[in-house]
Undergrad: 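Would you mind keeping the following structure in view while I ask a few things?
All values derive from a computational prediction rather than experimental measurement. Just so you know, ligand 1 is whichever comes first in the structure, and atom 1 is the first atom listed for that ligand.
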Amino acid sequence: MNKTAVIFDLDGVIVDTAKYHYLAWRKLANKLGFDFTEAQNELLKGVSRVKSLEILLDIGKVSLSDKEKEQYMFEKNENYLSYISKMDQSELLPNMKSLLEHLKNKGVAIALGSASKNAKLILDTTKITSYFDAIVDGNKVAAAKPDPEVFLLAAKLLNKNPNECIVVEDAQAGIQAANDAKMMSIGIGDKEILKEATYVFESTSALTNDFLDKLIK
Ligand code: BG6
Ligand code: MG
């Protein structure tokens, strides 16, 4: 089946926001009295905000009431927002702007499929909102990745069948979601971690316009 649509994850695929999520979660961990390493941060990639907090609290062996959890998620997000509100186009990952432009010119349908509730703000601050024909973010879905809901809804909004869609993802949970949605998946990152993806590239600079052209024809 020819591919006619590309669904992009946001964090770690279009923008390098993982570093800001890390700084904000580490600040919270330190406040709660424990350390949080970059290696541990890998566990939070692609995972919803509430699930990320649960993983963090597990690492620190801290238990909180629901009210405290809400308060700490709010604080973490305020801190994260202080970083992302200063973002600009220089923080788009290599080749992503060119790829979006290229797909748009070819008439390929483009969607966002992100777990983030801050996705629209990031698309706006980096000035790429207009490339997207559909935006599905953490405010629009009930089930977080690895559930395929986010990608299935994106395909539906684009009026495409899942087998016409290519998903670009950096998280293991996202690759699983794409596979369960019966979509072709392109992983960005470690081949071992993303081994279930149809194709894997070490970084976005290796994901060329020519490569996607071959899939789209
Ligand atoms: C995903 C990130 O895209 O969005 C996760 O990979 C993050 O690390 C999740 O937790 C939710 O993001 P936000 O912006 O709604 O807190
Ligand atoms: Mg991601």
Side-chain angles (χ1 to χ4, degrees), residues 6-29 36-59 69-87 91-94 96 111-126 128 132 135-151 153-154 166-179 183 185-190 193-194 196-197 200-204 207:
V6 183
I7 307 174
F8 290 94
D9 172 48
L10 178 65
D11 296 308
V13 168
I14 296 179
V15 281
D16 184 17
T17 39
K19 61 186 177 200
Y20 299 137
H21 277 297
Y22 172 60
L23 292 173
W25 285 124
R26 191 181 64 183
K27 188 172 179 185
L28 176 59
F36 178 56
T37 66
E38 278 194 67
Q40 290 167 330
N41 188 52
E42 287 298 308
L43 300 170
L44 272 45
K45 285 189 178 171
V47 169
S48 71
R49 195 180 305 170
V50 60
K51 182 78 185 147
S52 295
L53 177 67
E54 279 162 17
I55 295 171
L56 190 84
L57 295 177
D58 255 11
I59 290 169
K69 283 184 190 168
E70 282 301 324
Q71 175 59 29
Y72 285 125
M73 276 195 290
F74 176 78
E75 271 179 37
K76 182 267 170 182
N77 197 52
E78 288 292 296
N79 189 225
Y80 177 65
L81 286 174
S82 73
Y83 293 111
I84 62 171
S85 55
K86 295 187 207 104
M87 283 177 82
E91 293 187 65
L92 292 173
L93 283 163
M96 293 317 286
L112 190 83
S114 167
S116 174
K117 294 185 172 173
N118 296 303
K120 280 193 176 145
L121 175 66
I122 295 172
L123 296 182
D124 282 347
T125 50
T126 54
I128 54 170
F132 293 88
I135 295 173
V136 181
D137 63 14
N139 300 298
K140 287 207 177 147
V141 289
K145 298 170 190 175
D147 191 284
E149 183 185 1
V150 59
F151 297 136
L153 180 57
I166 302 170
V167 168
V168 188
E169 251 295 343
D170 70 315
Q172 205 179 5
I175 296 296
Q176 198 186 322
N179 290 346
M183 296 177 183
S185 54
I186 298 179
I188 304 294
D190 190 317
I193 297 173
L194 304 175
E196 282 168 24
V200 181
F201 294 98
E202 220 168 73
S203 75
T204 58
L207 175 60

Undergrad: Heavy atoms, side chains only, cut-off 4.5 Å: are S116 and D137 in contact?
TA: no

Undergrad: Tell me, please, if E169 has any N/O/S atom, main chain or side chain, under 2.8 Å from the Mg ion (ligand 2)?
TA: no

Undergrad: D11: which N/O/S atom is nearest the Mg ion (ligand 2)?
TA: O

Undergrad: Between E54 and K51, does the side chain to side chain contact (heavy atoms under 4.5 Å, CB included) criterion hold? Intermediate values first, please.
TA: CA-CA 5 Å; E54 279 162 17; K51 182 78 185 147; 4.0 Å; yes

Undergrad: Any idea which protein heavy atom is nearest atom 15 (O) of ligand 1, and the distance to it?
TA: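 The answer is K117 N, 2.6 Å.
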
Undergrad: For the residue pair H21 and Y80, categorise the inter-ring angle as parallel (less than 30°), tilted (30 to 60°) or perpendicular (more than 60°).
TA: parallel

Undergrad: What residue and atom, counting heavy atoms only, is the protein's closest point to atom 9 (C) of ligand 1, and at what distance?
TA: V47 O, 3.1 Å

Undergrad: List the closest protein heavy-atom neighbour of atom 12 (O) of ligand 1: residue, atom name, distance to the nearest 0.1 Å.
TA: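 Going by distance alone, atom 12 (O) of ligand 1 is nearest to S116 CA, 3.4 Å.
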
Undergrad: Show your reasoning for whether side chain to side chain contact (heavy atoms under 4.5 Å, CB included) applies to F36 and L44.
TA: CA-CA 11 Å; F36 178 56; L44 272 45; 3.6 Å; yes

Undergrad: So, do L112 and I14 sit near enough that their side-chain heavy atoms are less than 4.5 Å apart?
TA: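 The answer is yes, as the side chains (C-beta and beyond) meet within the 4.5 Å cut-off.
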
Undergrad: Where on S52 is there a heavy atom closer than 4.0 Å to ligand 1, on the side chain, on the backbone, on both, or on neither?
TA: side chain

Undergrad: So which N/O/S atom does D170 have closest to the Mg ion (ligand 2)?
TA: OD1

Undergrad: Report the residue from I186, L194, I188, D9 that forms a side chain to side chain contact (heavy atoms under 4.5 Å, CB included) with E169.
TA: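 Only one option passes, and that is D9.
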
Undergrad: Just give me the atom name: the N, O or S atom of D9 closest to the Mg ion (ligand 2).
TA: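 Nearest N/O/S atom: OD2.
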
Undergrad: Does the side chain of E91 come under 3.5 Å of the side chain of Y83 through a donor N or O and an acceptor N or O?
TA: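 Short answer, no.
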
Undergrad: Heavy atoms only: which of D9, V50, D11 lies closest to atom 4 (O) of ligand 1?
TA: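 The option holding the nearest heavy atom is D11.
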
Undergrad: Do Q71 and E75 meet the criterion of a side-chain donor-acceptor pair at a distance under 3.5 Å?
TA: yes

Undergrad: Nearest to atom 8 (O) of ligand 1, what protein heavy atom do you find, and at what distance?
TA: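 For atom 8 (O) of ligand 1, the nearest protein heavy atom comes out as L44 O, 3.1 Å.
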
Undergrad: What protein heavy atom sits nearest atom 16 (O) of ligand 1, and how far away is it?
TA: R49 NE, 2.8 Å

Undergrad: Starting from atom 6 (O) of ligand 1, what is the nearest protein heavy atom, named by residue and atom, and what distance separates them?
TA: G46 N, 2.7 Å

Undergrad: Looking at side-chain heavy atoms only, is the closest gap between L28 and L53 below 4.5 Å?
TA: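 Yes, close enough: below the 4.5 Å cut-off.
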
Undergrad: List every atom of ligand 1 that sits less than 4.0 Å from any heavy atom of A115, numbering the atoms from 1 in the order shown and giving each element.
TA: 1 (C), 4 (O), 11 (C)

Undergrad: Which ligand 1 atoms does H21 reach within 4.0 Å, using its non-hydrogen atoms?
TA: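 Here the atoms of ligand 1 in question are 7 (C), 8 (O), 12 (O), 14 (O), 16 (O).
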
Undergrad: At under 4.0 Å between heavy atoms, which part of K45 makes contact with ligand 1: side chain, backbone, both or neither?
TA: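 Only the backbone of K45 comes within reach of ligand 1.
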
Undergrad: Just wondering, do I128 and M96 contact through their side chains at under 4.5 Å, heavy atoms?
TA: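 The answer is no, as the side chains (C-beta and beyond) never meet within the 4.5 Å cut-off.
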
